[in-house]
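Working notes for the structure below.
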There are 2 protein chains.
Amino acid sequence: MTSSTSRSPDGRRGDLFDPQCPTRRLLDRIGTKWTSMAVKVLAEASPEEVRFAEMQRRMTGVSQKMLSVTLQGLVRDGLVGRRVEATVPPRVYYRLTPLGLTLEEPLAALRQWAEEHMAEVDRAQRRSAEGEDAGAWSRPG
Amino acid sequence: MTSSTSRSPDGRRGDLFDPQCPTRRLLDRIGTKWTSMAVKVLAEASPEEVRFAEMQRRMTGVSQKMLSVTLQGLVRDGLVGRRVEATVPPRVYYRLTPLGLTLEEPLAALRQWAEEHMAEVDRAQRRSAEGEDAGAWSRPG
DNA sequence: CAGCATCCAATTCGATACTG
DNA sequence: CAGTATCGAATTGGATGCTG
């Protein structure tokens with residue numbers, strides 16, 4: 001109800017195919033390289049907090065900048081909470097909010113799908129790579 | 001099948017933090033702009049097939065090129081099947097494979113989350129935009 | 001320690017033109 | 001109709017240097 005659906009060029013219903021659509025926006029977000037990984041790290045620790053450096057350690061390959069950007073986005077979205085200890089040097093802790101925890105559920109389902117089925121995807125890819133004609137879904141037996 | 005998490009070859013933490021990891025690869029894929037929307041369109045039609053032009057019509061804003069690239073990826077992954085009618089002009093039909101249908105389930109869960117919670121995300125964003133100090137996750141009243 | 005600013009490389013996307 | 005090819009724009013990601 002935030003914005004009353006922008007008009008599609010062909011005037012069709014503004015389902016989820018506008019850039020404004022929640023699903024679209026969510027997928028845009030979790031599609032960014034490090035977001036879902038950050039959520040997972042925080043979910044695993046939950047309800048414990050995790051410090052910035054610790055997160056970077058667990059998210060192999062993430063740069064300081066990208067972790068920072070990613071967490072900022074999650075905090076802005078209300079999915080992650082941020083707590084600063086004003087010590088020297090400062091310590092910053094993150095953890096999932098209750099809202100973030102609810103997101104972890106469908107995200108975990110997606111991970112499970114990946115672990116169960118990506119091998120099959122790999123096989124399909126290999127078949128395609130071999131120039132299999134793949135007459136479609138009715139394979140000549 | 002579930003508990004045998006994919007371990008990295010080097011036997012490290014083995015979790016899902018290598019680029020090779022299935023989850024990572026899946027998220028990379030569904031994170032691309034049009035993939036999940038294409039899956040949704042095909043899922044809605046399933047088990048009926050959908051023609052190329054019809055898909056483009058339903059996916060407002062997608063260009064021919066991007067739809068083509070998106071569908072090629074899905075076909076290569078074994079998530080979508082493709083059938084060509086050798087007429088003139090030719091007709092090409094797409095539909096989800098059984099594997100693709102199983103992906104639609106967790107994807108639908110994600111969409112549902114988005115529809116239920118993105119309004120809350122919007123509110124959080126607005127609060128952030130107003131320069132709320134946000135002393136952390138313990139908010140007063 | 002945590003994070004910002006800047007610059008640069010890589011990828012993604014879209015518009016356009018062309019083909020069978 | 002359903003693509004392919006190509007180019008340029010926009011977005012994204014990564015490395016580095018600097019700050020409190």
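Quick note on labels: first sequence line is chain A, next is B, and so on, each numbered from 1. Remember, it's a predicted structure, so these values are computed and weren't measured experimentally.
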Q: Identify, between A/P89 and B/P89, the residue whose nearest nucleotide on DNA chain D lies closer to the 5' end.
A: B/P89

Q. Should A/R82 and A/Y94 be marked as a side-chain hydrogen bond (donor to acceptor under 3.5 Å, both in side chains) after you check the CA-CA gap, both sets of side-chain angles, and the distance that decides it?
A. CA-CA 5 Å; A/R82 180 177 187 271; A/Y94 295 90; 3.3 Å; yes

(Q) Closer than 4.0 angstrom, basic N to acidic O: yes or no for B/E49 and B/R51? (A) no

Q | Set of salt bridge (charged side-chain N to carboxylate O under 4.0 Å, His left out) partners for A/E54, sequence neighbours left out | A | A/R57, A/R58

(Q) Rounding to an integer number of Å, can you tell me how far A/E85 CD sits from C/dG3 C1'? (A) 17 Å

Q: Please figure out whether B/A53 or A/S63 has its closest DNA chain D nucleotide nearer the 5' end.
A: B/A53

Q: May I have the distance from B/K33 (atom NZ) to D/dA10 (atom C1'), rounded to whole angstrom?
A: 10 Å

Q: Quick one: closest heavy-atom pair of B/L26 and A/M118, and the distance?
A: N-CE, 3.9 Å

Q: Could you state the atom-to-atom distance from CD of B/Q56 to P of D/dA2 in whole Å?
A: 9 Å

Q) Atom CG of A/L67 and atom P of C/dC1: how far apart are they, to the nearest Å? A) 14 Å

Q: Could you tell me the separation between the CE atom of B/M37 and the P atom of C/dT12, rounded to a whole number of Å?
A: 17 Å

Q.
Could you tell me how far apart A/L27 (CG) and C/dC13 (P) are, to the nearest whole angstrom?
A. 13 Å

Q | Atom-to-atom span, CD of B/E54 to C1' of D/dC1 - whole angstrom | A | 13 Å

Q: Using a cut-off of strictly less than 4.0 Å, decide whether A/R51 has a side-chain nitrogen or oxygen near OP1 or OP2 of C/dA2.
A: yes

**Q.** side chain to side chain contact (heavy atoms under 4.5 Å, CB included) partner of A/V39, the single match among A/L107, A/L79, A/I30
**A.** A/L107

Using a cut-off of under 3.5 Å, enumerate the N/O to N/O pairs linking the protein to nucleotides 3-9 of chain D.
unit_1, atom_1, unit_2, atom_2, d
D/dG3, OP1, B/R82, NE, 3.4
D/dG3, OP1, B/R82, NH2, 2.4
D/dG3, OP2, B/Y94, OH, 2.5
D/dG3, N7, B/Q64, OE1, 3.2
D/dG3, O6, B/Q64, OE1, 3.3
D/dT4, OP2, B/S68, OG, 3.1
D/dT4, OP2, B/Q72, NE2, 2.5
D/dT6, O4, B/K65, NZ, 3.4

**Q.** Interatomic distance, B/M66 CE vs D/dT11 C1' [rounded to whole Å]
**A.** 13 Å

**Q.** Cation over ring face, A/R25 and B/W113, 6.0 Å, 45°
**A.** no

